Amino acid sequence: MDSVLSETDSFPALDEAQFRPIDDARLHAPERKTYPPRILLLYGSLRERSYSRLATQEAARILRRLGAETRIFNPEGLPLPDGAPKEHPKVQELRDLSMWSEGHVWCSPERHGAMSGIMKAQIDWLPLSMGGMRPTQGRTLAVMQVNGGSQSFNAVNQLRILGRWMRMVTIPNQSSVPKAFTEFDDSGRMKPSPYYNRIVDVMEELMKFTLLVRDRSDYLVDRYSERVESAAEVSKRVNQASL
């Protein structure tokens, strides 16, 4: 089949007013942001010695060394989804941090073969749209997990699915730390190991993707279907006003 557009091609279902050619300048020569990349880190345990929190803190240190500004959200006191109004202070804190961010790190323990409920609750409190703003769309994402036993990838696989659902740019690399209780010293610092090296790899990759994406994120997630829907909504509102 001919892959070149011909004069006989027609598009009767296409809204020509909302269909736009690819803007090469917006992809390859966007206005550069010069402030440090803003990374929000979430972890999924409230234990006093939480290995997901310790791994997250190590990730934050590496990100700062690479030039990022980091914020770690403490989930203690966050209510269950739908268990409190969205005006709850911890919910507002989480949503404000997500709006501030340009990239996320999600780190969960694996419990019963899945991410923890604490991890899922944080993500569930982040809506796709909030007052016309999108607190996750177009942001980069790195996923990590810690394990009490042998290495597994169940939690990071689930986090990837959620990242896609939240319309985030999830980087290819990921971290899974087996027998996490053996990987941290008494002061809570991670010991030298291939697992620590992988976290460095993941944070390095996240920074590269964030620097590439953040200047272009609005354009990358600008969708034909949403432009059509928005145009229809404007038309409906104008027509109602004229009745």
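Numbers for residues simply follow the sequence, beginning at 1. Just so it is clear, the structure is predicted and the values come from calculations on it, not from any experiment.
- Side-chain contact between Gln151 and Gln145 is absent, with no heavy atoms from C-beta onward closer than 4.5 Å.
- Linking Ile, Leu, Val, Met, Phe, Trp and Tyr residues whenever their side-chain heavy atoms come within less than 4.5 Å places Val143 and Leu97 in a single cluster.
- Arg223 places no side-chain N or O within donor-acceptor distance of the main-chain N or O of Val228, the cut-off being under 3.5 Å.
- Taking a 6.0 Å sphere around CZ of Arg49, one finds it holds more than 12 heavy atoms contributed by other residues, nucleotides or ligands.
- Residues satisfying the side chain to side chain donor-acceptor pair (under 3.5 Å) test with Arg164, not counting sequence neighbours, are none.
- Neither Leu212 nor Leu220 shares a network with the other; the hydrophobic side chains, linked directly or stepwise wherever heavy atoms of I, L, V, M, F, W or Y lie under 4.5 Å apart, form separate groups for each.
- The stretch residues 194-213 participates, sequence neighbours left out, in no salt bridge (charged side-chain N to carboxylate O under 4.0 Å, His left out) pair at all.
- Between Val177 and Met190 there is a side-chain heavy-atom pair separated by less than 4.5 Å.
- No more than 12 heavy atoms of other residues, nucleotides or ligands shown are found within 6.0 angstrom of CD on Glu31.
- Residue Cys107 comes nearest to Val146 through the heavy atom pair SG-CG1, 4.4 Å, listed as atom of the first residue, atom of the second, then distance.
- The two residues Met207 and Pro37 make their nearest non-hydrogen contact at CE-CG, 3.9 Å.
- Closest non-hydrogen pair, Ala60 versus Leu41, comes out as N-CD2, 3.8 Å.
- Listed by chain and residue number, Asn147 satisfy the side chain to side chain donor-acceptor pair (under 3.5 Å) test with Ser176 (two or more places apart in sequence, or in another chain).
- Considering only heavy atoms from C-beta on, Pro75 stays 4.5 Å or farther from Leu42 through its side chain.
- Within the structure, the salt bridge (charged side-chain N to carboxylate O under 4.0 Å, His left out) test picks out the following pairs touching residues 108-125 (sequence neighbours left out): Lys120-Asp124.
- Shown here for Gly113 and Asn154, the closest heavy-atom pair between the two residues is O-CB, 3.3 Å.
- Interatomic distance, Leu126 CG to Arg134 CZ, rounded to the nearest 0.5 Å: 14.0 Å.
- Within the structure, the ring pair (Phe, Tyr, Trp, His ring centres under 6.0 Å) test picks out no pair touching residues 191-219 (sequence neighbours left out).
- In this structure the side chain of Arg38 never reaches within 4.5 angstrom of the side chain of Lys33, judged on heavy atoms.
- Put simply, Met168 and Val202 are part of two different groups of oily side chains (I, L, V, M, F, W, Y) that touch within less than 4.5 Å, one to the next.
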Let me check something: any side-chain donor-acceptor pairs from residues 62-69 under 3.5 Å, sequence neighbours excluded? List them with distances.
| residue | atom | partner | partner atom | Å |
| --- | --- | --- | --- | --- |
| Arg64 | NH1 | Thr70 | OG1 | 2.9 |
| Glu69 | OE2 | Arg71 | NH2 | 3.1 |

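- Between Arg95 and Pro127, the closest side-chain pair of non-hydrogen atoms falls below 4.5 Å.
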task = Please report the C-alpha distance between Val105 and Thr56 in whole Å, then the side-chain angles of each, then the deciding distance to 0.1 Å, and finally whether the side-chain contact (heavy atoms from CB on, under 4.5 Å) criterion is met.
result = CA-CA 8 Å; Val105 176; Thr56 296; 5.6 Å; no
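- Gln122 meets the side chain to side chain donor-acceptor pair (under 3.5 Å) test with no other residue; sequence neighbours excluded.
- To the nearest 0.5 angstrom, Trp106 atom CH2 is 5.5 Å from Leu162 atom CG.
- The heavy-atom pair separating Ser150 from Pro178 by the smallest distance is C-CB, 3.8 Å.
- Taking the side chain to side chain donor-acceptor pair (under 3.5 Å) definition, one finds that Thr140 meets it with Thr210, sequence neighbours left out.
- Hydrophobic clustering (ILVMFWY, side-chain heavy atoms < 4.5 Å, transitive): Met115 and Trp125 are in one cluster.
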task = Would you check, one step at a time, whether the test salt bridge (Lys or Arg N to Asp or Glu O under 4.0 Å) holds for Glu76 with Arg53?
result = CA-CA 12 Å; Glu76 185 172 2; Arg53 186 187 72 246; over 6 Å; no
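- Sorted by first and then second residue, the ring pair (Phe, Tyr, Trp, His ring centres under 6.0 Å) pairs involving residues 19-44 (not counting sequence neighbours) form an empty list.
- Hydrophobic clustering of Ile, Leu, Val, Met, Phe, Trp and Tyr side chains at less than 4.5 Å, counting indirect connections, unites Leu40 with Leu128.
- Note that CG of Asn157 is 8.0 Å distant from OG of Ser152, once rounded to the nearest 0.5 Å.
- Here Ile118 contributes atom CD1 and Leu80 contributes atom CG; the two are 9.5 Å apart, rounded to the nearest 0.5 Å.
- Closest approach of Pro30 to Asp215, counting heavy atoms only: CB-O, 3.6 Å.
- Other residues, nucleotides and ligands contribute more than 12 heavy atoms inside 6.0 Å of the CG atom of Leu14.
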query = Between Arg139 and Met99, is a side-chain contact (heavy atoms from CB on, under 4.5 Å) present by the stated rule, with each step listed?
reply = CA-CA 10 Å; Arg139 288 157 175 78; Met99 291 304 305; 4.3 Å; yes
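- In this structure Arg214 satisfies the salt bridge (Lys or Arg N to Asp or Glu O under 4.0 Å) test together with Glu102, sequence neighbours excluded.
- Within the 4.5 Å cutoff, no side-chain heavy atoms of Ile123 are placed close to those of Trp165.
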key: side-chain contact (heavy atoms from CB on, under 4.5 Å) assessment of Met119 paired with Leu159   = CA-CA 9 Å; Met119 188 78 243; Leu159 292 171; 4.0 Å; yes
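- A 4.5 Å side-chain heavy-atom check between His104 and Ser98 finds at least one atom pair inside the cut-off.
- Residues Val221 and Arg167 fail the side-chain proximity criterion, which asks for heavy atoms closer than 4.5 Å.
- With hydrogens and angles disregarded, no donor-acceptor distance shorter than 3.5 Å links the side chain of Thr170 to the backbone of Leu141.
- Taking Asp222 as the reference, Arg20, Arg227 meet the salt bridge (Lys or Arg N to Asp or Glu O under 4.0 Å) condition, with sequence neighbours excluded.
- Listed by first and then second residue, the salt bridge (charged side-chain N to carboxylate O under 4.0 Å, His left out) pairs involving residues 172-193 are Glu58-Arg189 (not counting sequence neighbours).
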